[in-house]
Structure formats: C-alpha cells, structure tokens
A.B. asks: 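What follows is a single structure, and I will ask about it in a moment.
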Amino acid sequence: MASAAPTQPALPSGPAVFKTIPYAFILPEILCGTWVWILVAATSVSFPLLQGWVMYVSLSSCLISLLLLISYLFGLHKNKETWKVLDSLYHGATAILYMSAAVLQANATIRSETESSPNLPLYYQLNSAASFFAFITTFLYILHAFSIYYQ
C-alpha cells in the first residue's frame, strides 16, 4: 500500500540550480552583494564603524553564498533534507544582518552629504548606489528564506 505522505521535492544539482526557485536567487544575491562592497570600498569610508559593518556583512555573505552555490552545483548536498534547514537558517539570518547593514549604509549616505570633501558628489553617488544595492540584496535574501519556508 502506498503511503499518503507528500514527497519532498529533490534539491537541485548542476545547472538546475539556476532554474529552481528559491535556489535561483543565490546568484543575484552574490552579484548584488558584490556591488555593495565594491561601492562602499570605492568611497572614502568616512564612517568606519558604520561602513565597516556593511563591508563585513556584504563580503562574508558573498563568500558563504558562493560556497553554498558551489555546493549545490556539484551536488554536495546528496539530496539530504538537512540542507534545506541549513539553507533556510542561513538565508533568514543573513536577511536580518543585511537589513541592519542596509540601514547603516543609508545612514552613512545621509551623513556623507554634510561632509566637506572635493569628491563629495562622487562619494555621495557611490554611497547612494551602495544603499540601493544593499536593500535589493536584503530583499533577495528575504525572498530566498521565505521561498524555502513555504516550499
């Protein structure tokens, strides 16, 4: 007699990672997160405490997400259910950390407007772009976490 329990969908491996929601969000998370730390690093980093946290969150998230993507591409998960839990916890925690980083980057952007510097317009534009990408990246991490939760 067949069991009535629903079967869990298999975790993707190889190129199927890029076609399966929520795993397809990993590459955009990495790309947008990379833009955040490149843009912050390109400024004068006038507020090291604020922007240091932004750099830490964005760089460490990019590296861990890259490792997770590589794990999925090469099928290191071996279709174990614990990988879904790991993925969900990682993306949920990272969404919270990225939200704090995005708010701090927006604060640094607003505060950089009052600085006196010959490159003020350029730094303000770089900080604004970093804030934009930080909020986009936060949204991607939230989408990923909720997609796994509701799957």
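What you see below is based on every heavy atom in this structure, not just the backbone, and it leaves out hydrogens, waters and symmetry mates.
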A.B. asks: So, taking the atom named CZ in Phe25 and the one named CG in Leu140, what distance separates them when rounded to the nearest 0.5 Å?
C.D. replies: 7.0 Å
A.B. asks: Would you give the length of the straight line joining atom CG of Leu97 to atom OH of Tyr56, rounded to the nearest 0.5 angstrom?
C.D. replies: 8.0 Å
A.B. asks: Under 3.5 Å, which donor-acceptor pairs do the side chains of residues 63-73 form with other protein atoms, sequence neighbours left out?
C.D. replies:
| from | atom 1 | to | atom 2 | distance (Å) |
| --- | --- | --- | --- | --- |
| Ser65 | OG | Ser61 | O | 2.9 |
| Ser65 | OG | Tyr90 | OH | 2.9 |
| Ser65 | OG | Tyr141 | OH | 2.8 |
| Ser71 | OG | Leu67 | O | 2.8 |
| Tyr72 | OH | Asp87 | OD2 | 2.8 |

A.B. asks: Considering residues at least two apart in sequence or located in another chain, which fulfil the side-chain contact (heavy atoms from CB on, under 4.5 Å) criterion with Thr109?
C.D. replies: Gln105, Tyr124, Asn127, Ser128, Ser131
A.B. asks: Quick one: closest heavy-atom pair of Trp53 and Leu104, and the distance?
C.D. replies: CD1-CD1, 3.5 Å
A.B. asks: Of all the heavy-atom pairs spanning Ile136 and Cys32, show the shortest one and how long it is.
C.D. replies: CG2-SG, 3.9 Å
A.B. asks: Could you grab the distance from atom CD1 of Ile30 to atom OG of Ser58, nearest 0.5 Å is fine?
C.D. replies: 13.0 Å
A.B. asks: In terms of hydrophobic clustering (I, L, V, M, F, W, Y; side-chain heavy atoms under 4.5 Å; direct or indirect links), are Ile38 and Val57 co-clustered?
C.D. replies: yes
A.B. asks: With hydrophobic residues grouped by side-chain heavy-atom distances under 4.5 Å, do Leu49 and Tyr98 end up in a single group?
C.D. replies: no
A.B. asks: Is a donor on one side and an acceptor on the other found under 3.5 Å between the side chain of His91 and the backbone of His144?
C.D. replies: no
A.B. asks: Do Leu89 and Leu86 land in one hydrophobic cluster if side-chain heavy atoms of ILVMFWY residues count as linked below 4.5 Å?
C.D. replies: no
A.B. asks: Looking at every heavy atom in both Phe135 and Met99, which two are closest together, and how far apart are they?
C.D. replies: CE2-SD, 4.1 Å
A.B. asks: Ignoring hydrogens and angles, tell me if any N or O in the side chain of Ser88 forms a donor-acceptor pair with the backbone of Val85 under 3.5 Å.
C.D. replies: no
A.B. asks: If Ile, Leu, Val, Met, Phe, Trp and Tyr residues are connected whenever their side-chain heavy atoms lie under 4.5 Å apart, and connections chain through other members, are Phe139 and Ile21 in the same group?
C.D. replies: yes
A.B. asks: Can Arg111 and Leu50 be said to form a side chain to side chain contact (heavy atoms under 4.5 Å, CB included), step by step?
C.D. replies: CA-CA 11 Å; Arg111 291 174 61 182; Leu50 301 178; 3.6 Å; yes
A.B. asks: What pairs with Leu39 under side-chain contact (heavy atoms from CB on, under 4.5 Å), at least two apart in sequence or on another chain?
C.D. replies: Trp35, Leu126, Ala129, Ala130, Phe133
A.B. asks: Give, for atom CG of Leu31 and atom CD1 of Ile26, the distance between the pair rounded to the nearest 0.5 Å.
C.D. replies: 12.0 Å
A.B. asks: To the nearest 0.5 angstrom, please state how far the CD atom of Glu29 sits from the OG1 atom of Thr138.
C.D. replies: 10.5 Å
A.B. asks: Please report the interatomic distance CD1(Ile142) to OG(Ser147), rounded to the nearest 0.5 Å.
C.D. replies: 11.5 Å
